[in-house]
Colleague: 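Encoded as structure tokens, here's the structure I'll be asking about.
Position 1 is the first residue of the sequence; numbering continues from there. Ligands are counted one by one from 1 in listed order, and the atoms in each one are counted from 1 as well. Keep in mind that this is a model prediction, so the values were computed, not measured.
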Amino acid sequence: MIKIGLLGCGNVGHIIAAHAESIQIVAVFDIIPGRAAELAALCRARPYTDFDAFMREDFSIVVEAASVDAVRRYGEAVLRAGRDIVVLSGGALADEEFREHLVDVAREAGKKIRIPSGAIVGLDNLKIGQVSPPTKLLLRTTKPPASLGLPVTERMEIFKGLAHDCIKQYPKNINVAVALGLAAGRDADVELWVDPAAERNVHEIFVEGDFGDIYVRVRNVPSPDNPATSYMAALSILTLLKNLENPLVVGT
Ligand SMILES: NC(=O)C1=CN([C@@H]2O[C@H](COP(=O)(O)OP(=O)(O)OC[C@H]3O[C@@H](n4cnc5c(N)ncnc54)[C@H](O)[C@@H]3O)[C@@H](O)[C@H]2O)C=CC1
Ligand SMILES: O=C([O-])CC(=O)C(=O)O
């Protein structure tokens with residue numbers, strides 16, 4: 001059974017712990033002591049608020065479900081300690097200099113940085129963009145006001161531009177846009193909308209290229225404990241972990 005260290009004891013951390021049938025959560029880490037202690041008790045892991053002590057535990061993978069800031073702070077140390085890292089807050093990798101450095105460290109250490117599909121689908125075959133770059137790559141995200149923490153009364157566009165700028169303003173809401181760009185090999189265009197009539201976190205993906213065109217719409221149920229985060233994101237991590245040692249690999 002794969003042993004993991006869980007970095008982040010919030011909403012996603014709880015969903016992972018509740019469905020940890022095919023993994024063993026050895027240790028959990030959070031900057032908020034009460035959160036680490038509470039989640040550790042639920043999944044019979046050891047709680048840490050000291051990162052170095054957390055890293056002395058016996059696990060092969062760190063699963064980050066914390067924040068863009070946490071990836072920047074701890075990503076390199078995880079890889080240098082000889083562990084793979086699953087990064088849900090993939091927005092951290094929008095910064096090219098940081099991303100290239102982290103990839104270099106992973107290469108030197110012989111370890112992997114894994115970005116799950118998170119709250120969207122289609123990252124697998126969007127990688128064709130690395131062979132044949134898309135002429136259009138647009139993510140239109142629409143979230144209810146509660147997901148964005150904005151008390152608006154009418155549908156409005158709150159951002160239009162490139163993913164690497166959007167993630168700076170909305171680090172808890174648009175990690176998916178950065179993941180899209182990493183898959184397709186170019187920064188995605190983003191429209192971020194807030195809509196009081198929306199009950200779900202909706203991601204629409206538009207792609208055009210010499211292959212033809214794609215339109216995907218994902219209508220995500222918000223997580224119970226954090227409406228900004230779609231429930232699918234936690235399921236995506238669980239699925240990635242479940243398949244890590246499966247000899248049958250499906251998808252590009
Ligand atoms: N790639 C994707 O598709 C998606 C990514 N996300 C991202 O996943 C992350 C987790 O989401 P949730 O569990 O819903 O968030 P949450 O806010 O419920 O939980 C995050 C936990 O991490 C802890 N934390 C944050 N920064 C930390 C640090 N520097 N060191 C230690 N602990 C730290 C917090 O105290 C909190 O307990 C967020 O960054 C979110 O934006 C969420 C949804 C989709
Ligand atoms: O969960 C979602 O719908 C997307 C999200 O928050 C993110 O990408 O950061």
Colleague: In ligand 1, which numbered atoms sit nearer than 4.0 Å to a non-hydrogen atom of Val12?
Modeller: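 Heavy-atom distances to Val12 below 4.0 Å select 11 (O), 12 (P), 13 (O), 14 (O).
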Colleague: Shortest non-hydrogen contact from Ala188 to Ala177?
Modeller: CB-O, 3.9 Å
Colleague: Short list, please: which atoms of ligand 1 are under 4.0 Å from a heavy atom of Ala233?
Modeller: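 Within the 4.0 Å cut-off of Ala233, ligand 1 contributes 43 (C), 44 (C).
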Colleague: Identify, by atom number and element, the atoms of ligand 1 in contact range of Lys172, meaning under 4.0 Å from any of its heavy atoms.
Modeller: 41 (O)
Colleague: Return the minimal non-hydrogen interatomic distance between Pro145 and Asp195, and the atom names on each side.
Modeller: CD-O, 3.4 Å
Colleague: For ligand 1, which atoms, with element, lie under 4.0 Å from some heavy atom of Arg35?
Modeller: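 Per the distance check, 34 (C), 35 (O), 36 (C), 37 (O).
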Colleague: Which pair of heavy atoms, one from Leu180 and one from Leu123, lies closest together, and at what distance?
Modeller: CA-CD2, 3.8 Å
Colleague: Any idea which of Asn226, Ile237, Val28 brings a heavy atom closest to atom 15 (O) of ligand 1?
Modeller: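 Checking each option, the heavy atom nearest atom 15 (O) of ligand 1 is found in Asn226.
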Colleague: In this structure, would Ile61 and Leu39 fall into the same cluster of hydrophobic residues linked by side-chain contacts under 4.5 Å?
Modeller: yes
Colleague: Output, in order, the C-alpha distance, side-chain angles, deciding distance and verdict of side-chain contact (heavy atoms from CB on, under 4.5 Å) for Leu148 and Leu192.
Modeller: CA-CA 10 Å; Leu148 285 150; Leu192 181 56; 4.2 Å; yes
Colleague: Can a donor-acceptor pair be found, under 3.5 Å and without considering hydrogens, that links the side chain of Glu76 to the backbone of Leu102?
Modeller: no
Colleague: Tell me: protein heavy atom nearest atom 42 (C) of ligand 1, and distance?
Modeller: Thr229 OG1, 3.3 Å
Colleague: Looking only at side-chain N and O atoms, does Thr252 offer a donor or acceptor that is under 3.5 Å from a partner on Asn125?
Modeller: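 Short answer, yes.
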Colleague: Tell me: protein heavy atom nearest atom 19 (O) of ligand 1, and distance?
Modeller: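 Heavy-atom neighbour on the protein nearest atom 19 (O) of ligand 1: Gly10 CA, 3.3 Å.
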Colleague: Any non-hydrogen atom of Gly90 lying under 4.0 Å from ligand 1?
Modeller: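 Contact check Gly90 vs ligand 1: negative.
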Colleague: Of all the heavy atoms in Ala65, does at least one lie under 4.0 Å from an atom in ligand 1?
Modeller: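 Yes, Ala65 has a heavy atom closer than 4.0 Å to ligand 1.
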Colleague: Does any N or O atom in Ser117 lie less than 3.5 angstrom from one in ligand 1, N or O only?
Modeller: no
Colleague: Check Cys9 against ligand 1 and report side chain, backbone, both or neither, counting heavy atoms closer than 4.0 Å.
Modeller: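 For Cys9, only backbone atoms sit under 4.0 Å from ligand 1.
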Colleague: Checking Arg73 now: which residues fulfil side chain to side chain donor-acceptor pair (under 3.5 Å) with it, not counting sequence neighbours?
Modeller: Asp69
Colleague: If we ignore hydrogens and angles and just use 3.5 Å, is the side chain of Gln24 paired with the main-chain N or O of Val26 as donor and acceptor?
Modeller: no
Colleague: Identify the heavy atoms of Asn220 and Ala119 that sit nearest to each other, and give their distance.
Modeller: ND2-O, 2.7 Å
Colleague: Could you give all pairs that pass the salt bridge (Lys or Arg N to Asp or Glu O under 4.0 Å) test and reach residues 84-106, with sequence neighbours left out?
Modeller: Arg72-Asp95, Asp104-Arg107
Colleague: Side chain of Ser236, backbone of Met232: donor and acceptor closer than 3.5 Å?
Modeller: no
Colleague: Check whether any N or O atom of Val68, backbone or side chain, sits under 3.5 Å from an N or O atom of ligand 1, and answer yes or no.
Modeller: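 Checking ligand 1 against Val68, no N or O pair falls under 3.5 Å apart.
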Colleague: Has ligand 1 got any nitrogen or oxygen that is less than 3.5 angstrom from a nitrogen or oxygen of Glu64?
Modeller: no
Colleague: Considering heavy atoms of the protein only, find what lies nearest to atom 18 (O) of ligand 1 and give residue, atom and distance to 0.1 Å.
Modeller: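 Looking at atom 18 (O) of ligand 1, the protein heavy atom closest to it is Asn11 N, 3.0 Å.
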Colleague: Would one find an N or O of Ala119, backbone or side chain, under 3.5 Å from an N or O of ligand 1?
Modeller: yes
Colleague: Show which atoms of ligand 1 fall inside a sub-4.0 Å distance from at least one heavy-atom site of Asp69.
Modeller: 29 (N)
Colleague: Side chain of Arg219, backbone of Arg200: donor and acceptor closer than 3.5 Å?
Modeller: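 No; zero donor-acceptor contacts below 3.5 Å.
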Colleague: Touching ligand 1 at all, Phe29? Heavy atoms, strictly under 4.0 Å?
Modeller: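 The answer is yes: ligand 1 sits under 4.0 Å from a heavy atom of Phe29.
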Colleague: With heavy atoms of Ser89 as the reference, note each atom of ligand 1 found under 4.0 Å away.
Modeller: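 With Ser89 as reference, the close atoms of ligand 1 come out as 7 (C), 8 (O), 9 (C), 38 (C), 39 (O).
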Colleague: Show me which atoms of ligand 1 lie under 4.0 Å from any heavy atom of Gly8.
Modeller: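 Within the 4.0 Å cut-off of Gly8, ligand 1 contributes 22 (O).
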Colleague: Nearest protein heavy atom to atom 24 (N) of ligand 1, by residue and atom, and its distance?
Modeller: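 Ranking protein heavy atoms by distance from atom 24 (N) of ligand 1, first comes Ala66 CB, 3.7 Å.
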Colleague: Determine all donor-acceptor pairs shorter than 3.5 Å in which one atom belongs to a side chain in residues 157-165; sequence neighbours excluded.
Modeller:
residue: His164; atom: ND1; partner: Asp187; partner atom: OD2; Å: 2.4

Colleague: Can you see which heavy atom on Lys112 is nearest to which on Leu79, and at what distance?
Modeller: O-CD2, 4.0 Å
Colleague: Looking at Ile32, which atoms of ligand 1 are within less than 4.0 Å of one of its heavy atoms?
Modeller: 35 (O)
Colleague: Distance to 0.1 Å, residue and atom name: give those for the protein heavy atom nearest to atom 32 (N) of ligand 1.
Modeller: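 For atom 32 (N) of ligand 1, the nearest protein heavy atom is Ile31 N, 3.2 Å.
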Colleague: Are Glu108 and Arg80 close enough for a salt bridge, meaning some N to O gap below 4.0 Å?
Modeller: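 Salt bridge present between Glu108 and Arg80.
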Colleague: Tell me whether ligand 1 is touched by Pro171 - counting only heavy atoms on the residue side and a distance under 4.0 Å.
Modeller: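 Judged by the 4.0 Å heavy-atom criterion, Pro171 does count as contacting ligand 1.
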Colleague: What residue and atom, counting heavy atoms only, is the protein's closest point to atom 28 (C) of ligand 1, and at what distance?
Modeller: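 Going atom by atom, the protein heavy atom closest to atom 28 (C) of ligand 1 ends up being Ala70 CB, 3.7 Å.
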Colleague: Can you give me the closest heavy-atom contact between Ala94 and Ile167, atom names plus distance?
Modeller: CB-CG2, 3.9 Å
Colleague: To the nearest 0.1 Å, how far is atom 41 (O) of ligand 1 from its closest protein heavy atom, and which atom is that?
Modeller: Asn175 ND2, 3.1 Å
Colleague: Which residue and non-hydrogen atom of the protein lie closest to atom 25 (C) of ligand 1, and at what distance in Å?
Modeller: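 Answer for atom 25 (C) of ligand 1: Ser67 OG, 3.5 Å.
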Colleague: Relative to atom 1 (N) of ligand 1, which among Leu88, Asp30, Asn201 owns the nearest non-hydrogen atom?
Modeller: Leu88
Colleague: Any idea how Phe29 and Phe51 line up, ring-wise: parallel (<30°), tilted (30 to 60°), or perpendicular (>60°)?
Modeller: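 Rings of Phe29 and Phe51: perpendicular, over 60°.
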Colleague: Check each protein residue for a heavy atom under 4.0 Å from ligand 2 and list those that pass, ordered by chain and number.
Modeller: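 Close residues (ligand 2, cut-off 4.0 Å): Ala119, Lys143, Lys172, Asn173, Ile174, Asn175, Val176, Asn201, His203, Ala228, Thr229, Ser230.
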Colleague: Are more than 12 heavy atoms, taken from residues, nucleotides or ligands other than Arg155, located less than 6.0 Å from that residue's CZ atom?
Modeller: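 Above 12, so yes.
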